[in-house]
Enquirer: 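This is the structure, below, for whatever I ask next.
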Amino acid sequence: MSDCRRQWNREDELPVYFAGPITTGPNQRKSFGMFSSVEGAFESKTIDFDNYAVGRKGNRTPRSGSRERLLDTESMSGISYQGNNGIPHYTVRDSEKRIASVVCKSLLCSSLQDERLLIRGGRVVNDDRSFFGDVYIEDGLIKQVGENLVVPGGVKVIEANGRMVIPGGIDVNTCLMKTYLGTQPVDDFLQGTKAALAGGTTMIIDHVTPEPGESLLEAFERWQEAADKRACCDYSLHVDIPLWNQTVKDELEVLVQDKGINSFQVYMAYKDVYQMTDSQLYEAFSFLKQLGAVVLVHAENGDLIFEEQRKILGMGITGPEGHPLSRPEEVEAEAVFRAITLGNRVNCPVYITKVMSKSAADTIAQARRKGSVVFGEPITAGLATDGSHYWSKNWAKAAAYVTSPPLSPDPTTPEHLHTLLASGDLQVVGSSHCAYSTSQKAIGKDDFTLIPEGTNGVEERMGFVWDKAVAMGKMDENQFVAVTSTNAAKIFNLYPRKGRIAVDSDADIVIWDPDIVKTITAKQQQSAAEYNIFEGLECRGGPALVLSQGRVVYEGGKLQIQQGTGRFIPRKPFPDYAFQRIKFRNQVCGQGVTRGVYDGPVHDVTPTPKYITPSPSAKTSPTSHQPPPVRNLHLSNFSLSGAQIDDNIPRRSGHRIVAPPGGRSNITSLG
Amino acid sequence: CSFQKKRRYCSLNDRLLIKGGRIVNDDQSFHADIYMEDGLIKQIGDNLIVPGGVKTIEANGKMVIPGGIDIHTHFQMPYRGTTTVDDFAQGSKAALAGGTTMIVDHVIPEPGTSLMEAYDQWRQWADEKACCDYSLHVDITHWNDSVKQEVDSLIKDKGVNSFQVYMAYKDYYQLSNSQLYEIFTFLAEKGGIVQVHAENGEIIAEEQARMLQMGITGPEGHVLSRPEELEAEAVFRAVTIASQTNCPLYVTRVMSKSAADIISQARKKGNVVFGEPITASLGTDGTHYWSKNWAKAAAFVTSPPLSPDPTTPDYLNTLLASGDLSVTGSAHCTFSVAQKAIGKDDFTQIPEGVNGVEERMALIWDKAVTTGKMDENMFVAITSTNAAKILNLYPRKGRIAVGSDADLIIWDTDSVRTITAKTHNSAAEYNIFEGMELRGAPLVVICQGKIVLEDGKLQVTSGAGRFIPCSPFPDFAYKRVKARKQLAVLRAVPRGMYDGPVSEFSMSRGGTPSASARTSPTKQPVRNLHQSGFSLTGNRAACGESSLLINRAFSKSCDGCASVTEAFYCTLILPWSGQKAVMEYLS
């Protein structure tokens, strides 16, 4: 919006009274009522606009002076909503055209639907560096990047005017089809991807959430079919593992090897539904590591939550405030700690989805300092708002914030998470977009444990990271690209096809305007949810233009999408970013000590001991096969009591290695 | 000793006077004489008026400190049909030789058997043989309603205030998180102390299987399959559960830096948690597991294992000095080499336990006080006073004061001894501190007002030890917990009933993602639609009494809201302060 303001100002000769009528357009939106921005809030932010403008314009458009902006500030003040339906940022140099552009923007946009595009005069920002350059796009791919490109004639040219040209965002966590008690989220793949594109996100990775007992493959195919029909941006899928057994293992193998899935989510919460025990997690981690897949963990201690929920319902607390009360943040931190411990033992990368609290984030940061391969994903909700709203008197509002792990009631949490994102301790920003309508949320109106969990955020994700981290000076623009796009592409093996502006990468590009100021409201969002948890928040920074697969899909607040254009992007296992270190660590492993065989006296143990050994294998879990308690005496010259942990392992001659040459004595066989 | 009057061995000539000593308690040191009679300290001060014919010990300015309390021993512990080589007589003798005048042993009932029977059994063993006063912890090895009742009566009638639970030993002693939660809640109510053996048993089981599969069968497999982060993980989990249930937590056997760090972090956050490093972890490290001598390597096997990081002992001593760790035990549990050899082909079968009851005091003195980490008062606190406070025996034990038990020692800071199995008082063939030179040793040990060690001569009476009952709700642990209990009243938000549309949903579908769909059977799954009409009061009936009042107070403002808009602004009313109480409770 500020961009258009800048352009207005270039009309030096344009009298103020002329400019007036046009600005009334946005002014009329004041009638939005209760969510209009606070008076004066806008002015205070103009200071930042100047700062941003200086750096950029100094290089590219020195012709625009700063004095004109004075006029503009006045005429724009009090505008409550900007951005979405504003005037296009696509720059046409002729002033006449610009005045008319409100009317004819759709015309302009449709003419851009060309296979060949040139983005001129932008500042290309990747996660490693920024540089001025043009980007030439053909057939949905970036063909050339640099200055003074030689391009064919008749190419559509987009003037970036020195604005940032960044790789399109990748939202690694959406749930657009997560069925809850038979109801579907209101944002399906169409609504959800529309919202994503409007926010500058050009790829989503959705969670396939099979019911326990359901086939993973079938669920995956169901998801893929729905997404192929509806999605309007590229997508990929995570598959959630609702339970652990042999069938699931077989299916996982197929999914990794044939279906292009390299990430699976396991749950430490939802007792008796999705939750896995530590042993199962250990097995799952080991198995997924072999497959080269990334383990996503929903980290909360389900056992404790279950007890707390019972306690809190017993106290008569049935409203949404019971949700955070029964899921305090230390329960999250505990599970994160445990997941990381498991990851370390198995030597497997661990990806923590939805890092919602300071203590969970700190646990991750500490583990990384100790060398663990662990990634943390905060989500839009955790980065932009806090859990104080659970205590709202408006049930519908309070319920809208219900997600798991819950938003932390500590209001300093978002800032802390942003700091960790900026420092690299957290790597990826998702949204966990899972929008349920108020009537769906009302399923749990008498019992907070029944409230469907999920918040919106796919559309607001990029904007809030910019607003709260970059605009605050915590993060630079390169890190912004890293956390919103590049790191995700690296972790999930999409890089450099996605997440980078480079030759041969997909033409998923966003022209980012740091000056756009938008007040978030459910009335203007793409999502179909009635409630937006960021309602009324102001957000600086937003996409001016979004290219997906080389086509302009969003421009100046207007979406031009075609449902079903989104492609499924298969992902290969063993992403380097996560697995390189793992591979090296695999080679370093513990070794037995070569020592003389103990040949002293051995205390007799009764074969059927009165006291069972405290060895964990003494009583094995019912699932595992239990061999007969008495061992084959050929294998050992004395009988150890009862079952051994290694009974199911065939005795190998390799054991002899343990005995050094000549070290054997009166023990005839080590077995 | 309220319910077990034992024949006292002290007679009239059990009168003692220690002259010219420097009394060191946990709070202060001062020069004074001590007069003891009938096993109690009767007078403290200068120029005491004492009866004639009293035996006088000249302390010559040496330190006189409260006798040590070893809060963690396993004497005469049954293991697969055999018992540890140190029974109560041998073990308590070793304790006295090292300056420890009271021990607290663990009662370990087999899973599935009665706690009370096991307790009686241990009492019998100890009463017969123990040479010094003792108390008992009872381990909870399984959990059900009858165990619950037994725990209750142990606290009420039997003088036990501390119970150990296991997070390790899968399918044997190990309890699930839910069970732990229940036990913690129960003990918090009854005023007991929860002790945890903190290791993640499930991961250990997997790791053990992996090690054996790799062909590692020696004692090094023990430490490889129980890396310290599994200990830290379990400590973290235990702290979380304790904090959720508002229950004081006691972590037995802190063996690694990371576990100790978790405890000190938790203490910094305000959790009531106590950490107990043991003699072994304070004095040696886990590098010996790789010893070429199997018998030596196996002698170090204990759980959690000694950390292979050689800087660990130093670190733990530092945390003891700073107060982050609170007490020291020995976890003295000695097996002969032949017994250890049960696991000669499989490290998971090696009986777990190390010696340490005799070396405990001297080792801490040597490692912490002579190195300047710790002062003598802190030394008294962590070897004796804090343990007495946790057991609710303070000031009867753990302090030199009038009316306290006459358990005290004259500490010689200059003596240097070399630890060796040849001269130690334990029956074990192997001493894990073999060859270690320790400065500091007890010169005179007085137990129950009688001299048991003097001039290097140990004179103990087997069976002289009394059972000291511990009462629940020790102030040291429970004062804060009680105060927090009062704060921790959670309140529902009084709000108008949601009267909008409700989506249709099916509860019958298998596998709902809601945690409670299956878990709260008390809740009616499908809501009565009559209730959803509009009723501000329907909800309230369910609310607790406390919230009722507040409900009324707030309801005015809420009912007055004419429109949705106003209701929205109304939501902003609930202040942060309301949640602060909640936050405080949670932390």
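Predicted model only: the values in this text are computed from it and were never measured. Labels below follow one simple rule: chain letters A, B, ... track the order of the sequence lines, proteins then strands, and each chain is numbered from 1.
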Enquirer: By side chain to side chain donor-acceptor pair (under 3.5 Å), which residues pair with Glu182(B), not counting sequence neighbours?
Expert: Trp143(B)
Enquirer: For chain A, which candidate among Gln174(B), Gln339(B), Lys340(B) shows the most heavy-atom pairs at distances under 4.5 Å?
Expert: Gln339(B)
Enquirer: Measure Thr183(A) against the heavy atoms of chain B and call it side chain, backbone, both or neither at under 4.5 Å.
Expert: side chain
Enquirer: Please look at Ala297(B) and chain A and tell me whether the side chain, the backbone, both or neither of the residue comes under 4.5 angstrom of a heavy atom of that chain.
Expert: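 Side chain of Ala297(B) only, per the 4.5 Å heavy-atom cut-off to chain A.
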Enquirer: Heavy-atom pairs under 4.5 Å with chain B are the metric here; pick the option from Gly319(A), Ser359(A), Pro320(A) that has the most.
Expert: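 Winner by heavy-atom pair count: Pro320(A).
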Enquirer: For the rings on Tyr267(A) and Tyr270(A), is their centre-to-centre separation under 6.0 Å?
Expert: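 Yes, they do, as the ring centres are separated by less than 6.0 Å.
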Enquirer: Counting only heavy atoms closer than 4.5 Å, note whether Glu283(A) contacts chain B via side chain, backbone, both or neither.
Expert: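 When you check distances to chain B, only side chain atoms of Glu283(A) fall under 4.5 Å.
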Enquirer: Is it true that the NZ or CZ of Arg226(B) lies under 6.0 Å from the centre of Tyr169(B)'s six-membered ring and within 45 degrees of the ring axis?
Expert: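 Positive - Arg226(B) is close enough to the ring of Tyr169(B) and near enough to its axis.
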Enquirer: Do Gln244(B) and Phe184(B) come within less than 4.5 Å of each other through their side chains, counting heavy atoms only?
Expert: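 When only atoms from C-beta onward are counted, Phe184(B) and Gln244(B) do not touch, as no gap falls below 4.5 Å.
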Enquirer: Hey, could you give me each pair passing salt bridge (Lys or Arg N to Asp or Glu O under 4.0 Å) that has a residue in residues 312-326 of chain A? Not counting sequence neighbours.
Expert: Glu321(A)-Arg495(B)
Enquirer: Below 4.5 Å from any heavy atom of chain A, which atoms of Ile262(B) appear? Answer side chain, backbone, both or neither.
Expert: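 Contact with chain A is through the side chain of Ile262(B) alone.
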Enquirer: Can you confirm whether or not the ring centre of Tyr79(B) sits under 6.0 Å from the ring centre of Phe335(B)?
Expert: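 Judged by ring-centre distance (under 6.0 Å), Tyr79(B) and Phe335(B) do meet the cut-off.
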Enquirer: Need one label for Ser286(A): side chain, backbone, both or neither, based on atoms under 4.5 Å from any heavy atom in chain B.
Expert: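 For Ser286(A), neither part sits under 4.5 Å from chain B.
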Enquirer: Which atoms of Ala335(A) are under 4.5 Å from chain B, going by heavy atoms: the side chain, the backbone, both sets, or neither?
Expert: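 Looking at Ala335(A), nothing touches chain B.
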Enquirer: Looking only at heavy atoms, what is the nearest atom pair of Gln440(A) and Gln184(A), with distance?
Expert: NE2-O, 2.6 Å
Enquirer: Between Ser291(B) and chain A, with a heavy-atom cut-off of 4.5 Å, which part of the residue counts as in contact: side chain, backbone, both or neither?
Expert: backbone
Enquirer: Checking Ile451(A) against chain B: side chain, backbone, both or neither under 4.5 Å from a heavy atom?
Expert: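 Neither part; nothing is under 4.5 Å.
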Enquirer: In terms of heavy-atom proximity below 4.5 Å to chain A, should Gln179(B) be classed as side chain, backbone, both, or neither?
Expert: neither
Enquirer: Taking atom types as modelled, find out whether Glu330(A) and Thr240(B) have a side-chain donor-acceptor pair closer than 3.5 angstrom.
Expert: no
Enquirer: Select one option (side chain, backbone, both, neither) describing which atoms of Tyr436(A) are under 4.5 Å from chain B's heavy atoms.
Expert: neither
Enquirer: Please determine, by modelled atom types, if Arg237(B) and Asn177(B) share a side-chain donor-acceptor pair under 3.5 angstrom.
Expert: yes
Enquirer: Please classify the contact between Pro227(B) and chain A as side chain, backbone, both or neither, with a heavy-atom cut-off of under 4.5 Å.
Expert: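 Side chain only.
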